[in-house]
**Q** 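Next up is a structure, given as structure tokens.
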Protein chains: 2
Amino acid sequence: MEKTYSIKEVADYFKLPISTIRYYDKKGLLPFVSKNEAGYRVFSESDFGFIKTICCLKNTGMPIKDIQTYIELCMQGTRTIDQRKEMLQQHKQNVVQKQQLLAESLQEINTKIERYDSKDSQTIISAQIKFVKDEKRDLHLKDPFI
Amino acid sequence: MEKTYSIKEVADYFKLPISTIRYYDKKGLLPFVSKNEAGYRVFSESDFGFIKTICCLKNTGMPIKDIQTYIELCMQGTRTIDQRKEMLQQHKQNVVQKQQLLAESLQEINTKIERYDSKDSQTIISAQIKFVKDEKRDLHLKDPFI
DNA sequence: TTAAACCCTAAACTACGGTTTATAGCAAGC
DNA sequence: GCTTGCTATAAACCGTAGTTTAGGGTTTAA
């Protein structure tokens with residue numbers, strides 16, 4: 001016999017607070033979850049697959065409303081495959097763009113860390129401060145350094 | 001003579017709403033910006049460097065409060081280099097972790113797109129639906145498909 | 001000199017993604 | 001039979017990161 005799972009077991013597995021799972025359910029992200037006679041949520045193995053997808057979309061920044069739309073399409077069977085594909089392709093573009101921005105910004109952070117880490121850091125930063133101070137003075141603007 | 005810039009010019013350059021720049025100033029992210037007699041913000045070339053750094057930290061998910069702390073350290077001169085380095089190193093770890101999670105999730109999204117895109121998509125998805133239906137029936141749980 | 005386009009502040013408002021609180025039912029262990 | 005601990009709902013609340021609005025003052029160009 002296959003096992004069923006409580007909300008706590010699911011929460012522990014996905015490292016999500018129970019309150020978040022209930023919130024997702026309220027927002028229509030978990031239409032596949034049943035309830036028992038007492039009104040308790042009862043999860044099956046296959047629900048874990050859906051929830052993994054939800055986490056994946058959430059982790060990549062898809063808004064709750066859009067995840068809800070996607071899941072709803074999933075519940076409508078094979079006839080929504082094209083719509084789902086289009087949603088994911090659009091979302092993928094966003095994610096790739098996010099990745100690029102992240103990579104570029106990380107690049108900059110690394111450059112700064114290297115500068116701070118170099119043996120000439122004092123000299124380099126001093127020169128930068130002097131540059132700013134000179135520019136501000138030339139423009140009759142206040143010196144921003146304390 | 002060097003040029004100064006208005007808030008609108010800065011907003012256009014960084015593609016940020018003017019309201020966001022004012023918000024950042026209010027939150028203490030722009031202590032290096034001067035004001036003229038009329039109370040208008042006056043930006044210099046070197047301010048663009050600081051703002052670029054702010055955008056970089058924001059784009060990588062650093063909270064406004066932490067960016068404020070970092071900028072404050074910058075304004076205290078060379079004696080805060082070690083603290084700044086440590087902040088950025090810590091932040092870098094977060095960013096790398098974010099990158100990994102993003103890459104993994106993108107992987108999953110790609111797998112799904114491929115599945116939706118394959119010529120057997122109907123068959124594959126139908127099999128998945130059958131699997132879920134069977135499991136739910138075995139457990140006496142309601143069928144989630146419409 | 002007057003309209004258009006710009007700038008300011010303060011404070012209220014918004015969206016998002018939950019979290020907390022308050023109420024209560026049920027079930028197992030002591 | 002009492003406590004502990006799980007579950008439920010609904011509604012209030014929270015932090016973050018802005019955005020909008022109200023009520024001004026300033027600058028520029030015709």
Side-chain angles (χ1 to χ4, degrees), chain A residues 3-31 33-44 47 51 53-71 91 94 98 101 105 139 141-142, chain B residues 3-31 33-44 47 51 53-71 91 94 98 101-102 105 141-142:
Chain A
K3 193 186 174 328
T4 60
Y5 302 85
S6 71
I7 194 170
K8 188 177 189 325
E9 289 173 304
V10 175
D12 289 348
Y13 181 85
F14 287 102
K15 294 176 177 59
L16 292 173
I18 290 179
S19 56
T20 298
I21 295 175
R22 285 208 271 252
Y23 170 74
Y24 286 175
D25 196 6
K26 197 166 62 179
K27 290 290 170 178
L29 269 55
L30 314 178
V33 175
S34 301
K35 295 207 182 173
N36 65 17
E37 319 72 46
Y40 292 17
R41 290 174 186 82
V42 177
F43 297 78
S44 67
D47 293 344
I51 298 173
T53 300
I54 291 169
C55 289
C56 166
L57 296 176
K58 179 183 67 89
N59 289 336
T60 50
M62 185 183 281
I64 298 282
K65 189 73 201 63
D66 294 2
I67 299 177
Q68 190 262 316
T69 301
Y70 178 78
I71 293 291
H91 182 57
N94 300 156
K98 222 184 273 276
L101 184 59
S105 302
L139 293 165
L141 303 175
K142 74 172 208 303
Chain B
K3 193 185 175 328
T4 60
Y5 301 85
S6 71
I7 195 170
K8 187 179 190 323
E9 288 173 305
V10 174
D12 289 348
Y13 181 85
F14 287 101
K15 294 176 178 57
L16 291 174
I18 289 179
S19 57
T20 299
I21 296 176
R22 290 206 188 104
Y23 170 74
Y24 285 176
D25 195 8
K26 196 166 64 176
K27 291 290 170 178
L29 269 55
L30 314 178
V33 175
S34 301
K35 296 206 181 173
N36 67 16
E37 319 73 45
Y40 290 17
R41 290 174 186 82
V42 177
F43 297 78
S44 67
D47 294 343
I51 298 173
T53 300
I54 290 168
C55 289
C56 166
L57 296 177
K58 177 184 68 91
N59 289 336
T60 50
M62 185 183 281
I64 298 283
K65 190 69 200 69
D66 294 3
I67 299 177
Q68 190 262 316
T69 301
Y70 177 79
I71 293 291
H91 182 57
N94 300 156
K98 220 184 276 275
L101 184 59
L102 211 55
S105 302
L141 302 175
K142 74 170 209 303

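Proteins get letters first, then strands, A, B, ... in listed order; numbering begins at 1 in each. Quick note: numbers below take in every heavy atom, side chains included, and nothing from hydrogens, waters or symmetry partners.
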**Q** What is the distance, to the nearest angstrom, from the OH atom on A:Tyr40 to the C1' atom on C:dA27?
**A** 8 Å
**Q** Measure CD1/B:Ile67 against C1'/D:dT16 and give the value in whole Å, please.
**A**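 That distance rounds to 12 Å.
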**Q** Whole Å only: how far is the CG atom of B:Asp25 from the P atom of C:dC7?
**A**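 Atom-to-atom, B:Asp25 to C:dC7, this comes out as 14 Å.
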**Q** Which part of the nucleic acid, if any, lies within reach of A:Arg41 when heavy atoms closer than 4.0 Å are counted: base, sugar-phosphate only, or nothing?
**A** sugar-phosphate
**Q** To the nearest Å, how far apart are B:Asn36 CG and C:dC8 C1'?
**A** 10 Å
**Q** What is the distance, rounded to the nearest whole Å, between atom CZ of B:Arg22 and atom P of D:dT20?
**A** 12 Å
**Q** Taking protein heavy atoms under 4.0 Å as touching, what does nucleotides 16-21 of chain C look like 5' to 3' if B marks base contact, S marks sugar-phosphate-only contact and - marks none?
**A** -BBBB-
**Q** Strictly below 4.0 Å: does B:Lys35 bring a side-chain N or O up to OP1 or OP2 of C:dT9?
**A** yes
**Q** Expressed in angstrom and rounded to an integer, what is the separation of B:Ile7 atom CD1 from D:dT19 atom C1'?
**A** 14 Å
**Q** Can any side-chain N or O of A:Asp12 pair as donor or acceptor with the backbone N or O of A:Glu9 at less than 3.5 Å?
**A**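 No; zero donor-acceptor contacts below 3.5 Å.
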**Q** Starting at atom CD of A:Glu9, determine the distance to atom C1' of D:dT7, rounded to an integer number of angstrom.
**A**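 Result: 13 Å.
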**Q** Figure out the CD/P separation between A:Glu37 and C:dC26, and round it to whole Å.
**A** 12 Å
